[in-house]
Amino acid sequence: MEEIHVFAAIEMNLESRIKLQPYPKHIAIIMDGNGRWAKKRGKIRVFGHEKGTKAVRKIVETCVRLGINHLTLYAFSTENWNRPKLEVKTLMRLLISSLKNEIETLQKNNIKLNALGDLGSMPLKVFNELEHVIEATKSNSKMTLNLALNYGARGELINCMKEIGEKIKKNIISIEKIDETVINEHLYSRNLPDVDLLIRTSGEQRISNFLLWQIAYAELYFTNVFWPDFTDQHLYEAIENYQKRERRFGKTSEQLN
Ligand code: IPE
Ligand code: IPE
Ligand code: MG
């Protein structure tokens, strides 16, 4: 009992400590390690995905409580279709049930849902549920939760170039006018602010085709914790680590001071 009490006190301390400095405005997370989490417990991979959805709810609620503006979660990559059929099917089922169950959490916390990826190629049931929740939460304004679904950064860039190319062909845009703003307007993420902090769980240190354009100047944070075990405390640690960094954007330290 006492141990829990002490742990709660440390947690409070860290939360109040990170409040003293600016938070990252946009946090993106590669939620990885569900399968290994389950395997370690002698369970099938799907068990890890189920447990992972609980971690999603907790972290979403914590981010909105902290006042983070944008949270982007990598939920399903274009490469994830190559997994065993049954796993893909279960992931889609989990997605639908999470959307159905969590709409209340989103409304209660004033969170707007947004999705990025090749959404039109998702199974119709997922697409419809997604549309429904996006529509229902469109006026919410405390935080935007961006779900990367059937997402691949290279696919996003290809799509962006095609859209811009079409507009050039129709004389809607001239080549000279193409700049970062124009690119941003044609990404799946449509005008999403740059990512400040990118977190990847499970010990892997790679990007796996996530947000290549948007993370150009993000701070990267890798932790060995498997996603289902990722708690508020781990998030605070990541934010604290971020706050200790000096973001120079090409300038010198002296210029910043
Ligand atoms: C992340 O966990 C969830 C998805 C990619 C959908 P994984 O399923 O990749 O878990 P590991 O990496 O195999 O442990
Ligand atoms: C990245 O994780 C995709 C998601 C978290 C949705 P993966 O587990 O699919 O990535 P790789 O295959 O290990 O690079
Ligand atoms: Mg993985």
Side-chain angles (χ1 to χ4, degrees), residues 10-33 52 55-75 105-106 109-116 140-148 151 153 156 180-181 183-184 187-227 229-251 253 255-257:
I10 296 170
E11 193 168 337
M12 278 294 290
N13 282 344
L14 185 51
E15 189 182 349
S16 33
R17 216 163 51 229
I18 58 168
K19 279 198 175 123
L20 302 174
Q21 292 197 55
Y23 292 138
K25 289 191 177 67
H26 184 177
I27 298 179
I29 308 181
I30 303 177
M31 311 181 288
D32 198 16
V56 172
R57 175 198 277 185
K58 189 84 184 55
I59 292 304
V60 167
E61 284 183 330
T62 303
C63 283
V64 74
R65 182 165 51 75
L66 292 179
I68 305 295
N69 304 103
H70 274 275
L71 175 65
T72 302
L73 301 176
Y74 204 5
T105 313
L106 298 176
N109 290 287
N110 197 7
I111 300 168
K112 179 178 174 165
L113 185 75
N114 180 29
L116 43 141
N140 292 350
S141 56
K142 187 132 194 267
M143 182 178 88
T144 306
L145 171 62
N146 306 292
L147 277 189
Y151 178 89
E156 178 178 45
E180 290 193 12
T181 308
I183 305 262
N184 269 324
L187 293 171
Y188 291 142
S189 56
R190 312 263 167 213
N191 299 319
L192 207 67
D194 279 355
V195 174
D196 298 304
L197 171 63
L198 173 69
I199 299 171
R200 182 169 189 151
T201 59
S202 90
E204 308 300 349
Q205 302 194 1
R206 55 175 171 264
I207 303 301
S208 302
N209 205 11
F210 191 40
L211 303 178
L212 294 178
W213 172 275
Q214 300 86 340
I215 61 165
Y217 252 113
E219 296 297 329
L220 309 181
Y221 181 85
F222 300 104
T223 167
N224 288 332
V225 175
F226 290 141
W227 176 251
D229 286 332
F230 193 80
T231 60
D232 288 357
Q233 184 71 16
H234 297 116
L235 179 72
Y236 301 155
E237 281 167 15
I239 293 176
E240 190 189 37
N241 184 292
Y242 165 89
Q243 289 172 332
K244 285 184 183 147
R245 300 186 191 187
E246 183 177 60
R247 303 187 76 193
R248 290 191 287 276
F249 297 99
K251 294 181 180 170
S253 242
Q255 279 178 298
L256 297 175
N257 297 322

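- Side-chain contact between Leu71 and Ile111 is absent, with no heavy-atom pair separated by less than 4.5 Å.
- His70 and His26 have tilted rings, their planes meeting at an angle from 30° to 60° on a 0 to 90° scale.
- The CD1 atom of Ile27 lies 9.0 Å from the CD1 atom of Ile59; values are rounded to the nearest 0.5 Å.
- Side-chain contact, Thr62 with Asp232: a donor N or O sits under 3.5 Å from an acceptor N or O.
- Of all non-hydrogen atoms in Glu156 and Leu187, the two that sit nearest each other are OE2-CB, 3.5 Å.
- One N or O on the side chain of Gln243 and one on the backbone of Pro22 form a donor-acceptor pair closer than 3.5 Å.
- A donor-acceptor contact shorter than 3.5 Å links the side chain of Asp196 to the backbone of Lys25.
- We find the CG-CZ distance between Leu106 and Arg57 to be 10.0 Å, quoted to the nearest 0.5 Å.
- Considering all non-hydrogen atoms of both residues, Asn109 and Thr105 come closest at ND2-O, 2.8 Å.
- Within the 4.5 Å cutoff, the side chain of Trp213 has heavy atoms near those of the Asn184 side chain.
- Atom-to-atom distance recorded for Leu198:CG and Leu220:CG is 5.5 Å, nearest 0.5 angstrom.
- A distance of 10.5 Å separates OH in Tyr221 from CD1 in Ile239, rounded to the nearest 0.5 Å.
- When each of Glu237, Arg247, Glu219, Gln21 is paired with Tyr242, the side-chain hydrogen bond (donor to acceptor under 3.5 Å, both in side chains) condition holds for Arg247 and for no other.
- With a 4.5 Å cut-off on side-chain heavy atoms, Tyr217 and Asp194 do not count as touching.
- For the side chain to side chain contact (heavy atoms under 4.5 Å, CB included) with Trp227, the lone residue among Ile29, Ile30, Asp32 that qualifies is Ile29.
- Residues Ser253 and Arg248 share a closest heavy-atom pair of N-CD, 3.8 Å.
- Proximity of Thr231 to Val225: side-chain heavy atoms (C-beta onward) are nowhere separated by under 4.5 Å.
- If you take CZ on Arg65 and CE on Met143, they are separated by 11.5 Å, rounding to the nearest 0.5 Å.
- Taken from CG in Leu192 to CG in Asn69, the straight-line distance is 11.0 Å, to the nearest 0.5 Å.
- Between Asn110 and Ser141, the closest heavy-atom pair is OD1-N, 2.8 Å.
- Using bins of under 30°, 30° to 60° and over 60° for the plane-to-plane angle, the ring pair Tyr74/Phe210 lands in the parallel bin.
- Ala75 and Met31 make their closest contact through CA-CE, 3.9 Å (heavy atoms, listed as atom of the first residue, atom of the second, distance).
- Contact between Gly203 and Asn224 at its shortest, heavy atoms only, is CA-OD1, 3.3 Å.
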Q: Applying side-chain contact (heavy atoms from CB on, under 4.5 Å), run through Cys63 and Leu145 and close with a yes or a no.
A: CA-CA 10 Å; Cys63 283; Leu145 171 62; over 6 Å; no
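- The number of heavy-atom neighbours closer than 6.0 Å to CD of Glu180, taken from other residues, nucleotides and ligands shown, is 12 or below.
- For the side chain to side chain contact (heavy atoms under 4.5 Å, CB included) with Tyr188, the lone residue among Leu211, Leu116, Asn146 that qualifies is Leu116.
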